[in-house]
J.: 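Dropping a structure here in structure tokens format, bear with me for questions.
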Amino acid sequence: MGTAMLFCSCANKIEKIKEFSSGENFHPMESEGFEMLYSDSAIVRFKLQAPKLISYDEEKDPFTEFPEGIDLEQYDENMNIVTKITANYAQYFENDEKWIAKNNVIVVNPQGDSLKTEELVWEEGNEKLYSEQFVEIVRKDQIITGIGFESDQDMNNWEIKNVKGQIYLEVTE
């Protein structure tokens, strides 16, 4: 009798099983106070912090959204910060290995140069940063503004595509 009850209680209608496996009932994964370290060959390469993460990994083109912004640090093999990126909003597209950072994006390189823009794309596979938006680069002795920007991911070799202005600063110590 117990065996008969077990089989009866486990019975499912095929429609219910199909509905569950169709993916329509999946919801995105959410996390608050997210922090991740990414390492390669036992060397920490990146540290990512975000107040909130929403992962849409069941989508046809999976992506992760950071609706409250990110702080991303890239390290060299000695754990020195190579590049630091902050933004008020970001998305990561897994299949393309592409990041899009928006709203108050700031990138700082080891020389202290900082890039400010409203949108920045980072293609991990190509190790390339770029923007088609207005950009401002602040250096110790100079501020350069323009439209469009391209750089290596360490922001050591950068170029503003359409320079709009340059201001030279007198530095006194």
J.: Could you grab the distance from atom CD of Glu118 to atom CG of Asn104, nearest 0.5 Å is fine?
T.: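 Between Glu118 CD and Asn104 CG, I get 6.5 Å after rounding to 0.5 Å.
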J.: For Glu77, enumerate each residue passing the salt bridge (Lys or Arg N to Asp or Glu O under 4.0 Å) test, keeping only those at least two apart in sequence or located in another chain.
T.: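 Glu77: no salt bridge (Lys or Arg N to Asp or Glu O under 4.0 Å) contacts found.
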J.: Check side chain to side chain contact (heavy atoms under 4.5 Å, CB included) between Ser131 and all other residues, then give those that pass, not counting sequence neighbours.
T.: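 Result, side chain to side chain contact (heavy atoms under 4.5 Å, CB included) vs Ser131: Thr117, Leu120, Gln133, Val135, Phe149.
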J.: Checking Glu119 now: which residues fulfil salt bridge (Lys or Arg N to Asp or Glu O under 4.0 Å) with it, not counting sequence neighbours?
T.: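 Partners of Glu119 by the salt bridge (Lys or Arg N to Asp or Glu O under 4.0 Å) criterion, ordered by chain and then number, come out as Lys102.
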J.: Can you list the residues that meet the side-chain hydrogen bond (donor to acceptor under 3.5 Å, both in side chains) rule with Asn157, with sequence neighbours excluded?
T.: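 Residues passing side-chain hydrogen bond (donor to acceptor under 3.5 Å, both in side chains) with Asn157: Asp152.
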J.: Can you give the donor-acceptor pairs under 3.5 Å from side chains of residues 32-43 to other protein atoms, not counting sequence neighbours?
T.:
{"residue": "Glu35", "atom": "OE1", "partner": "Gln49", "partner atom": "NE2", "Å": "2.9"}

J.: Drop me the distance from Thr83's OG1 to Leu115's CG, to the nearest 0.5 angstrom.
T.: 11.0 Å
J.: Compare every heavy atom of Ser151 with every heavy atom of Asn156, then report the nearest pair and how far apart it is.
T.: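 In terms of heavy atoms, the two residues are closest at N-OG, 4.2 Å.
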J.: How far apart are the closest heavy atoms of Met79 and Tyr75, and which atoms are they?
T.: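 Scanning both residues completely, I find the closest heavy atoms to be O-CD2, 3.6 Å.
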J.: Output, in order, the C-alpha distance, side-chain angles, deciding distance and verdict of side chain to side chain contact (heavy atoms under 4.5 Å, CB included) for Met29 and Ser31.
T.: CA-CA 7 Å; Met29 179 188 74; Ser31 176; 5.5 Å; no
J.: Give every donor-acceptor pair under 3.5 Å between a side-chain atom in residues 91-101 and any protein atom, sequence neighbours left out.
T.:
{"residue": "Gln91", "atom": "NE2", "partner": "Tyr89", "partner atom": "OH", "Å": "3.3"}
{"residue": "Tyr92", "atom": "OH", "partner": "Glu124", "partner atom": "OE1", "Å": "3.2"}
{"residue": "Trp99", "atom": "NE1", "partner": "Glu124", "partner atom": "OE1", "Å": "3.4"}

J.: Search all heavy atoms of Asp57 against all heavy atoms of Pro62 and return the closest pair with its distance.
T.: CA-CB, 3.8 Å
J.: For the residue pair Phe66 and Leu53, what are the closest heavy atoms and their distance?
T.: CE2-CD1, 3.5 Å
J.: Give the cluster check for Val107 versus Tyr130: same hydrophobic cluster or not, with ILVMFWY residues linked at side-chain heavy-atom distances below 4.5 Å.
T.: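 Unlinked, Val107 and Tyr130 end up in two clusters.
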J.: Applying salt bridge (Lys or Arg N to Asp or Glu O under 4.0 Å), can you list everything that pairs with Lys47, at least two apart in sequence or on another chain?
T.: none
J.: Before you tell me yes or no, could you show the steps for Ile144 and Glu136 under side chain to side chain contact (heavy atoms under 4.5 Å, CB included), namely the whole-Å CA-CA distance, both residues' side-chain angles and the distance that decides it to 0.1 Å?
T.: CA-CA 6 Å; Ile144 309 166; Glu136 176 183 80; over 6 Å; no
J.: Do the side chain of Asn109 and the main chain of Met155 share a donor and acceptor less than 3.5 angstrom apart?
T.: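 At least one qualifying donor-acceptor pair exists.
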J.: With sequence neighbours excluded, tell me which residues meet salt bridge (Lys or Arg N to Asp or Glu O under 4.0 Å) with Lys52.
T.: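 In terms of salt bridge (Lys or Arg N to Asp or Glu O under 4.0 Å), with neighbours along the sequence ignored, Lys52 is linked to Glu30.
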J.: Kindly state each residue pair satisfying salt bridge (charged side-chain N to carboxylate O under 4.0 Å, His left out) with at least one member in residues 60-75, sequence neighbours excluded.
T.: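 Qualifying pairs: Glu73-Lys84.
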J.: Step by step, work out the side chain to side chain contact (heavy atoms under 4.5 Å, CB included) result for Ile137 and Trp158.
T.: CA-CA 10 Å; Ile137 295 189; Trp158 53 264; 3.3 Å; yes
J.: Is there a path of hydrophobic side-chain contacts, each under 4.5 Å between heavy atoms of I, L, V, M, F, W or Y residues, that connects Ile143 with Ile147?
T.: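 They do not share one cluster, since no chain of ILVMFWY contacts under 4.5 Å joins Ile143 to Ile147.
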J.: Can you tell me how far CD1 of Ile70 sits from CG of Asn88, rounded to the nearest 0.5 angstrom?
T.: 10.0 Å
J.: Hey, could you give me the CZ/CD1 distance between Phe46 and Ile81, rounded to the nearest 0.5 Å?
T.: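 Going from the CZ atom of Phe46 to the CD1 atom of Ile81 covers 12.5 Å.
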J.: List the residues meeting side-chain hydrogen bond (donor to acceptor under 3.5 Å, both in side chains) with Asp76, not counting sequence neighbours, and say none if there are none.
T.: Asn80
J.: If you link ILVMFWY side chains whenever their heavy atoms are less than 4.5 Å apart, which other residues fall into the same cluster as Val108? By chain and number, please.
T.: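 ILVMFWY cluster around Val108 also holds Ile106.
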J.: Apply side chain to side chain contact (heavy atoms under 4.5 Å, CB included) to residues Gln74 and Leu72 and explain how you reach the verdict.
T.: CA-CA 7 Å; Gln74 178 186 4; Leu72 177 70; over 6 Å; no
J.: Lys128: which residues meet the side-chain hydrogen bond (donor to acceptor under 3.5 Å, both in side chains) condition with it, sequence neighbours left out?
T.: none
